[in-house]
Amino acid sequence: MEPIMWLILLACFLVVEAITVGLTTIWFAGGALVAAIASGLGAGILIQWVLFLVISLVLLIFTRPLAVRYMNKGVPKTNVNSLIGERAVVIQKINNLEQSGQVRINDIEWMARTSSDEVTIPEHAIVTIEDVQGVKLIVKEETEGK
């Protein structure tokens with residue numbers, strides 16, 4: 001295959017990657033670049049395809065996890081995940097055994113429970129949200145020192 005064909009394929013992979021920004025085709029663009037160089041140096045079609053596939057797979061397997069981790073660094077939490085670690089006010093006593101408890105955070109009322117059935121939290125207490133399970137917040141009462 002002529003080097004120009006590999007370069008056209010490379011350009012197509014780059015365009016698809018630019019449109020999707022999903023780190024899906026960039027690895028194949030690297031394989032196409034290596035195959036274009038091999039083609040320019042006179043390698044046979046079989047060698048070009050083997051290089052394309054091997055380089056693409058090596059890039060995909062070994063660099064994608066690092067790239068995804070780097071790309072997702074500093075991404076703010078959204079929706080309910082943004083509530084974890086936040087403080088809320090108890091507006092109804094939290095008692096797991098009685099299946100009662102509500103907190104208010106950001107002017108929204110949420111059903112709340114503790115991580116242990118032995119713990120109850122009185123009204124007006126300040127709690128920290130530890131987890132979200134379905135439509136319930138799992139909370140822990142703050143101690144006086146905080």
Side-chain angles (χ1 to χ4, degrees), residues 1-92 94-97 99-119 121 124-143 145-146:
M1 210 156 93
E2 292 294 319
I4 191 72
M5 297 304 290
W6 285 112
L7 294 175
I8 291 170
L9 193 58
L10 168 69
C12 290
F13 285 132
L14 291 176
V15 168
V16 169
E17 184 64 37
I19 292 170
T20 61
V21 193
L23 292 177
T24 52
T25 59
I26 192 73
W27 322 112
F28 299 102
L33 177 62
V34 170
I37 292 169
S39 175
L41 295 174
I45 189 75
L46 181 62
I47 299 291
Q48 294 173 37
W49 277 103
V50 168
L51 282 172
F52 169 73
L53 292 173
V54 169
I55 297 298
S56 297
L57 289 175
V58 166
L59 288 173
L60 180 68
I61 292 169
F62 292 107
T63 61
R64 187 174 193 282
L66 297 173
V68 167
R69 191 174 320 132
Y70 177 76
M71 298 274 293
N72 290 336
K73 197 176 220 176
V75 174
K77 295 178 183 176
T78 59
N79 301 328
V80 295
N81 291 331
S82 67
L83 297 176
I84 296 173
E86 294 292 319
R87 299 169 70 203
V89 177
V90 178
I91 59 173
Q92 179 189 42
I94 301 172
N95 185 324
N96 290 3
L97 296 176
Q99 296 184 356
S100 66
Q102 283 188 321
V103 297
R104 179 176 290 130
I105 181 168
N106 300 332
D107 293 326
I108 300 173
E109 295 177 3
W110 287 82
M111 191 180 337
R113 298 292 185 266
T114 61
S115 58
S116 170
D117 288 343
E118 288 77 37
V119 176
I121 303 175
H124 308 294
I126 304 295
V127 294
T128 302
I129 300 166
E130 294 184 316
D131 194 15
V132 180
Q133 293 179 354
V135 295
K136 293 182 293 220
L137 300 179
I138 306 302
V139 299
K140 178 180 178 182
E141 187 171 15
E142 288 194 357
T143 57
K146 287 189 176 179

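Numbering starts at 1 and runs along the sequence shown.
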Item to complete: Specify the closest pair of heavy atoms between A32 and W6, including all atoms of both residues, with the distance to one decimal.
Response: O-CB, 3.7 Å
Worksheet entry | Distance (rounded to the nearest 0.5 Å) between L14 CG and I19 CD1 | 11.0 Å
Worksheet entry | T25 (side chain) donor-acceptor with E17 (main chain) under 3.5 angstrom | yes
Response to the item:
Distance col, row L10:CG vs F52:CZ, nearest 0.5 angstrom, shows 10.0 Å
Worksheet item: Atom CD in E142, atom CD1 in I126: separation rounded to 0.5 Å?
Response: 6.5 Å
Worksheet item: So, does E130 use its side chain to make a donor-acceptor pair with the main chain of I138 at under 3.5 Å?
Response: no
Practice prompt. Report yes if some heavy atom in the side chain of V139 is under 4.5 Å from a heavy atom in the side chain of T128; otherwise report no.
Written response: no
Practice prompt. Please say whether more than 12 non-hydrogen atoms of neighbouring residues, nucleotides or ligands are located less than 6.0 Å from CD in E109.
Written response: yes
Discussion item. Please give me the minimum heavy-atom distance between L51 and A38, naming the atom from each residue.
Written reply: CD1-CB, 3.5 Å
Fill in: Donor-acceptor contact present, side-chain Q48 to main-chain S39, <3.5 Å
no
Fill in: Separation between CD1 of I105 and CG of L83, rounded to the nearest 0.5 Å
5.0 Å
Discussion item. Are the side chains of I55 and L33 in contact, using a 4.5 Å heavy-atom criterion?
Written reply: no
Response to the item:
Rounded to the nearest 0.5 angstrom, the CD-CG distance for Q102 and L137 is 10.5 Å
Response to the item:
Rounded to the nearest 0.5 angstrom, the SG-CG distance for C12 and L7 is 11.0 Å
Discussion item. Holding to ring-ring contact (aromatic ring centres under 6.0 Å, His included), I want the full list of residues that pass it with F28, two or more places apart in sequence or in another chain.
Written reply: F13
Item to complete: Specify the closest pair of heavy atoms between A36 and P3, including all atoms of both residues, with the distance to one decimal.
Response: O-CB, 3.8 Å
Fill in: R113 side-chain N/O to I94 backbone N/O, donor-acceptor pair under 3.5 Å
no
Discussion item. Side chains of T114 and N96: any donor to acceptor distance under 3.5 Å?
Written reply: yes
Item to complete: Report the C-alpha distance between I129 and W110 in whole Å, list the side-chain angles of each, state the deciding distance to 0.1 Å, and finish with yes or no for side chain to side chain contact (heavy atoms under 4.5 Å, CB included).
Response: CA-CA 11 Å; I129 300 166; W110 287 82; over 6 Å; no
